Amino acid sequence: MSTEPRGLLIDYDFCTGCHSCEVACKQAHNYPAGVWGIRVHEFVQEKPNGAVEISYLPQPSDLCTLCEQRTQQGDVPSCVKHCQADCLRVGTITELLEVLAAKPKQVLFRLK
């Protein structure tokens, strides 16, 4: 297994706010109410023409280890596996930087 730092790339242009990443994480780690490994935040912006734009951004917390036990067994983190919009990607920082450079509205989280 590579010793290169790993991260989570989130393409929030495609996140639908379904919260399946939150649910999958809570179930995989048995977190109690109010404790999150990843949390989906909603941003509402009113445009000058009166239209409303809603964006969602999943954000991993300090509890996130990219499901270390799962990834050591060759599986992807629970949040990535259950993301219905396929907007979460895990990999080495080098791999993810290439994807990040390809389009806007993405966020790269480097995790410990």
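Keep in mind the model is a prediction, meaning the values are calculated, not measured. Residue numbers start at 1 and run along the sequence shown.
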4.5 Å side-chain heavy-atom contact, [X] and [Y]:
X: Tyr31; Y: Cys25; value: yes
X: Cys79; Y: Pro58; value: no
X: Arg39; Y: Ser61; value: no
X: Glu42; Y: Ile54; value: yes

Problem - By side chain to side chain contact (heavy atoms under 4.5 Å, CB included) - contacts of Gln59 (at least two apart) - result: His41, Phe109
Donor-acceptor contact below 3.5 Å, side chain [X] vs main chain [Y]:
X: Ser78; Y: Ala28; result: no
X: Arg70; Y: Asp75; result: no
X: Gln84; Y: Cys18; result: no
X: Lys26; Y: Pro32; result: yes

Fill in the blank from the handout: Note: with side-chain heavy atoms under 4.5 Å as the link, the other cluster members for Leu108 come out as Leu9, Ile93, Leu96, Leu97, Val99, Leu100
Handout entry: Residue among Ile10, Leu88, Leu8, Val80 satisfying side chain to side chain contact (heavy atoms under 4.5 Å, CB included) with Cys21
Key =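 Of all the options given, the one that passes is Leu88.
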Problem - Salt bridge flag under 4.0 Å for residues Asp11 and Arg89 - result: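 Salt bridge absent between Asp11 and Arg89.
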